[in-house]
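Structure first, commentary second.
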Amino acid sequence: MDSCSKSSVRDSTSSSPFETIIFDLDETLYSEKLGIGAATKRNIDAFLMEKLGFSEAKASSLRVELFKSHGSSLAGLRAFGYDIDAEDYHSVVHGRLPYHVIKPDPQLRTLLLSIKQRKIIFTNSDIIHATKALDRLGIRDCFEQIICFETMNPNLPNSTRPDEFPVVLKPSPEAMEIAIQTAQVDPRRTLFLDDSPRNIAAGKAVGLRTVLVSRSHNSDDLGTTFDASCTTSLSVTSRCRWDPSPIVWFIHISYSIIHNMDTLFMHNVHKS
Ligand SMILES: [Mg+2]
């Protein structure tokens, strides 16, 4: 883990508007093209079929419904009274993922190591998945802290009935507050990067400075829910020497921000 103390970070980043960078993990630190997100959806459907007996069609539609209404199938099922054990759920949904497709990313590691700010992971995933994915990428030691499912739901293993402790996940305001409290950050001096527009909107609502990481969203449709995005043709494109996948966009945007090249960033900034 990063050995930098908060005070030394403040000293070394005094010229930067940011003290801390909070990163989502899945499809933010690696590309959606790896298919991990699609595999996760298939595994959720498999869980709903194998454990609860839903048909394939019903499992798929229920997964979508529960994501919209409760943020995840686990959260929705427990809210509706299904006594689903979180570890059991994650052992299927994440435990069966094709982790071999996640390869070490030395370019990302070099970039992360060049960033002097505190770096924190904030993911809805369980700690086993988070550490596996970060280890596969070769970047786990780049982060000071991992805020994950277990951080947001410490009482879940002690629940006596499914709806006793509602599952807390991004993008709920409670989840965002837990992240801010756990990381002990000033939201206005914290940059939050995530590939989910819902999560970015929630981050902005609690005062974080936000960057939407993905080229697949239409920034015009998202209004002012984020401070900046990686979706449009910023001047940093000319600096891009690789295929401009979401992760590379993310790298260049982050690099620009963190090294105070804010004019590159300002092309797509929506002030709050
Ligand atoms: Mg994500």
Side-chain angles (χ1 to χ4, degrees), residues 21-44 63-64 66-68 70-75 89-90 93-94 97-99 101-103 105 108 111-112 119-137 139-140 142-143 145-153 167-173 175-176 178-179 182-183 190-206 208-219 222 225-231 245-251 253-254:
I21 319 289
I22 295 180
F23 300 82
D24 172 50
L25 169 58
D26 296 301
E27 299 187 348
T28 291
L29 292 178
Y30 62 81
S31 171
E32 65 181 341
K33 292 176 183 172
L34 297 185
I36 294 292
T40 301
K41 290 175 183 172
R42 287 196 297 273
N43 291 346
I44 294 171
R63 167 175 51 76
V64 173
L66 294 176
F67 177 76
K68 287 179 183 171
H70 291 81
S72 82
S73 294
L74 174 64
Y89 176 83
H90 288 133
V93 171
H94 291 146
L97 288 175
Y99 284 102
V101 302
I102 304 178
K103 307 292 186 191
D105 190 337
L108 178 59
L111 173 87
L112 290 169
K119 294 175 285 295
I120 293 170
I121 294 289
F122 180 26
T123 175
N124 280 344
S125 300
D126 62 304
I127 189 65
I128 294 174
H129 170 76
T131 53
K132 267 189 194 175
L134 291 168
D135 282 341
R136 292 289 309 175
L137 288 164
I139 57 173
R140 182 161 37 138
C142 297
F143 296 94
Q145 202 170 15
I146 298 173
I147 298 169
C148 60
F149 180 88
E150 288 84 352
T151 319
M152 293 180 274
N153 299 280
V167 173
V168 176
L169 296 169
K170 289 184 286 184
S172 77
M176 306 312 296
I178 288 172
T182 303
T190 302
L191 194 64
F192 173 50
L193 298 101
D194 198 300
D195 67 298
S196 159
R198 298 201 315 175
N199 294 346
I200 285 298
K204 191 167 171 59
V206 294
L208 294 164
R209 307 314 302 262
T210 55
V211 178
L212 180 64
V213 181
S214 176
R215 289 192 307 130
S216 60
H217 305 297
N218 183 339
S219 59
L222 296 170
T225 56
F226 56 94
D227 292 313
S229 78
C230 312
T231 58
S245 63
I247 189 63
V248 172
W249 282 91
F250 149 72
I251 287 172
I253 294 293
S254 304

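Counting convention: from 1, in listed order, for ligands and their atoms alike.
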What's the shortest heavy-atom distance between Pro98 and Ile36, and which atoms? O-CD1, 3.9 Å
How close do Lys204 and Thr210 get, heavy atom to heavy atom, and via which atoms? N-CG2, 3.6 Å
N, O or S atoms of the protein lying under 2.8 Å from the Mg ion (ligand 1): Asp24 OD2, Asp26 O, Asp195 OD1
Is it the case that Arg198 places NZ or CZ above or below the six-membered ring of Phe67, under 6.0 angstrom from the centre and within 45 degrees of the axis? yes
Answer yes or no on whether Lys119 is positioned over the face of Phe23, meaning its NZ or CZ is under 6.0 Å from the six-membered ring centre and within 45° of the axis. no
Hits for side chain to side chain contact (heavy atoms under 4.5 Å, CB included) against Val206, two or more places apart or cross-chain, chain-then-number order -> Met176, Glu177, Ile180, Leu208
Are there over 12 heavy-atom neighbours, none belonging to Leu34, within less than 6.0 Å of that residue's CG? yes
